[in-house]
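Labels below follow one simple rule: chain letters A, B, ... track the order of the sequence lines, proteins then strands, and each chain is numbered from 1. Only heavy atoms go into these numbers, but all of them, side chains included; no hydrogens, no water, no symmetry mates.
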Number of protein chains: 2
Amino acid sequence: MPLPHTEAPGYLVSNLASRGVRMTRQRRAILGIIETASHHLDAAQILRKAQKQEPEVDRVTIYRTLSLLKRHGLIDELDLMHLQGEKHFYERKTPREHVHMTCLRCGRVTEFESRLFDGLKKQVQKECRFQIAVARMEIGGYCSSCRA
Amino acid sequence: MPLPHTEAPGYLVSNLASRGVRMTRQRRAILGIIETASHHLDAAQILRKAQKQEPEVDRVTIYRTLSLLKRHGLIDELDLMHLQGEKHFYERKTPREHVHMTCLRCGRVTEFESRLFDGLKKQVQKECRFQIAVARMEIGGYCSSCRA
DNA sequence: AGTCACGATGCAACCAGTTGCAACAATGCG
DNA sequence: CGCATTGTTGCAACTGGTTGCATCGTGACT
Ligand SMILES: [Mn+2]
Ligand SMILES: [Mn+2]
Ligand SMILES: [Zn+2]
Ligand SMILES: [Zn+2]
């Protein structure tokens, strides 16, 4: 699950600041973590990392920052098949949208880009007259090394 | 969000029974509710309905029955964009797989069947050598009556 | 730099979902 | 039809996420 570092550093901070969102120490820390993350992180992981920088951050602030980012369409939220409890995972939104596959045996998460995914979105926009803000496709099953 | 009643009544009970799963009063009630539901239900709604039939059912039993059904691939779990909290919604799995669109303004949920969805699944199976057990596509945005 | 308004934070109380465990009951067998 | 086995249930304790509220601090304007 490699997330390429395509964006300029601090782009989440600048993006939000340019929309008039206030920047606090806590937010800067959280945004930095999400921006430079190399895998899909859950809220607890983000909290732990944030507290290394800003020991006073509360988990409430993590959740509130995550919904801020969701509201602004800057991150995607994933279930990854809720393989370990109900928690959700987060990744910054990139121009390359992709499908997530989670192996129900080994837990490995793989990403896959497809024309058909974009095509399906276009079809929904057109045929259902539905204006898409977020689209998420998640698959559970067995990866090539795990299936019998 | 109309769910057609295609299956024979009691098919969840028979299906599970034939796999050697024990049938209890509580389960019978819960399965009946899911089977005859006309919309996507969340755990709390299922609990309330079940308690009308079997006042003693505990919410734990609802959650355990839901994971049983998920394990056996008999229901699908949906986020519906987590529009109201973190809760999940459930629907019985039908032969007609569909995409779910949730309007972020009015909350309306619509379903859409598409060849491209099946095509995308086939592509994943083939190109990624990934054996699919569950596939879920969820879209958030603005329905035709809500967009400006 | 000093003031201010209002958005953001932390805390505590709350609610939804999970897990451990002892009591219970569905099913199969004598 | 009663008995034993073993899976299922309800309860209580717990964990993860949310909400209300008083306090705090950012960023705008002087
Ligand atoms: Mn979810
Ligand atoms: Mn549906
Ligand atoms: Zn695997
Ligand atoms: Zn709408």
Arg28(B) CZ - dT9(D) C1' separation (whole Å) = 15 Å

Specify the separation, in whole Å, of atom CD of Gln51(A) and atom C1' of dG10(C).
-> 12 Å

Just how far, in rounded Å, is C1' of dG17(C) from NE2 of His82(A)?
-> 11 Å

Whole-Å gap separating P (dT8(D)) and CZ (Arg71(B)) | 8 Å

Would you give the length of the straight line joining atom CD of Glu111(B) to atom CD of Glu97(B), rounded to the nearest 0.5 angstrom?
-> 12.0 Å

Check the distance between dT18(C)'s C1' and Glu86(B)'s CD and give it to me in whole angstrom.
-> 15 Å

Side-chain contact check for Arg59(B): nearest option of dG17(C), dG16(D), dT26(D) is dG17(C)

Return no unless some side-chain N or O of Arg27(A) is found under 4.0 Å from OP1 or OP2 of dA8(C).
-> yes

Any Thr61(B) side-chain nitrogen or oxygen under 4.0 Å from OP1 or OP2 of dG10(D) = yes

Which whole-number value in Å describes the distance from Lys87(A) NZ to dT19(C) C1'?
-> 15 Å

Leu47(B) CG to dT18(C) P, in whole Å, measures 14 Å

Base dT9(D) paired with Arg64(B) side chain (donor-acceptor, <3.5 Å) | no

Residue Met23(A), side-chain heavy atoms: nucleotide from dC11(D), dG27(D), dG10(C) that is nearest = dG27(D)

dG10(C) phosphate, OP1 or OP2, under 4.0 Å from Gln26(A) side-chain N/O | yes

Closest contact, heavy atoms only, Ala135(B) versus Met137(A) = CB-CE, 4.3 Å

dist Tyr90(B):OH -> Ile33(B):CD1 (nearest 0.5 Å) comes out at 14.5 Å

N/O (side chain, Thr24(B)) to phosphate O (OP1/OP2, dG7(D)) under 4.0 Å | no

Against the side chain of Tyr63(A), the closest entry in dG16(D), dC11(D), dG10(C) is dG16(D)

Atom CZ of Arg25(B) and atom P of dA26(C) are separated, to the nearest Å, by 7 Å

With the side chain of Glu56(B) defined as its heavy atoms from C-beta on, choose the nearest nucleotide among dG10(D), dG10(C), dA26(C).
-> dG10(D)

Flag yes if more than 12 heavy atoms outside Arg115(B) fall under 6.0 Å of its CZ atom; otherwise flag no.
-> no

If you check the Val21(B) side chain, which of dT8(D), dG10(C), dA5(C) turns out closest?
-> dT8(D)

Might you work through the side chain to side chain contact (heavy atoms under 4.5 Å, CB included) test for Leu31(B) and Leu69(B), ending with a clear yes or no?
-> CA-CA 9 Å; Leu31(B) 298 178; Leu69(B) 288 165; 3.8 Å; yes

